[in-house]
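Step one of this worksheet: look at the structure below.
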Amino acid sequence: MAEQITLAYRLFNMRRWAGASWAKAAAWALGLVWRNARNDRRTEVERAARQRL
């Protein structure tokens with residue numbers, strides 16, 4: 001969880017440095033982190049399903 005927060009903060013700062021508004025930078029950074037977390041979870045579920053076979 002802490003690494004996801006750190007990643008979101010770094011992405012947010014990158015977007016702000018590039019000139020985006022606070023709201024757009026936050027939405028973009030959190031969207032990327034959210035999708036990454038969902039993909040990681042999906043991978044874990046698929047791996048567990050393969051181990052059961």
Side-chain angles (χ1 to χ4, degrees):
M1 180 69 164
E3 60 192 42
Q4 290 177 334
I5 293 170
T6 302
L7 177 61
Y9 181 70
R10 288 180 178 173
L11 290 169
F12 170 80
N13 281 336
M14 280 176 34
R15 202 62 169 200
R16 284 291 295 155
W17 183 79
S21 70
W22 284 86
K24 286 187 178 182
W28 177 80
L30 292 175
L32 285 178
V33 171
W34 177 258
R35 280 188 298 255
N36 185 43
R38 284 186 59 209
N39 287 340
D40 287 349
R41 177 70 182 136
R42 185 176 299 133
T43 302
E44 289 176 21
V45 169
E46 290 171 353
R47 188 178 308 128
R50 273 190 242 117
Q51 287 178 351
R52 280 188 228 125
L53 294 176

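Worth knowing before you read on, the calculation uses all heavy atoms, side chains too, and leaves out hydrogens, waters and symmetry mates.
- By the neighbour-count criterion of 12 heavy atoms within 6.0 Å, atom CD of E44 is densely surrounded, having more than that number from other residues, nucleotides or ligands.
- The other members of the hydrophobic cluster of W22, by chain and number, are F12 (side-chain heavy atoms under 4.5 Å, ILVMFWY only).
- Using a distance-only test at 3.5 Å, with no hydrogens or angles considered, a donor-acceptor pair links the side chain of R16 to the main chain of A20.
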Hey, can you pull the donor-acceptor pairs under 3.5 Å for the side chains in residues 24-43, sequence neighbours left out?
unit_1, atom_1, unit_2, atom_2, d
N39, OD1, R42, NH1, 3.2
N39, ND2, R35, O, 3.4
T43, OG1, N39, O, 2.9

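- Under a 4.5 Å side-chain heavy-atom criterion applied to ILVMFWY residues, the cluster that includes W17 comprises that residue alone.
- In this structure, CD in Q51 is found 12.5 Å from CD in E46, a value given to the nearest 0.5 Å.
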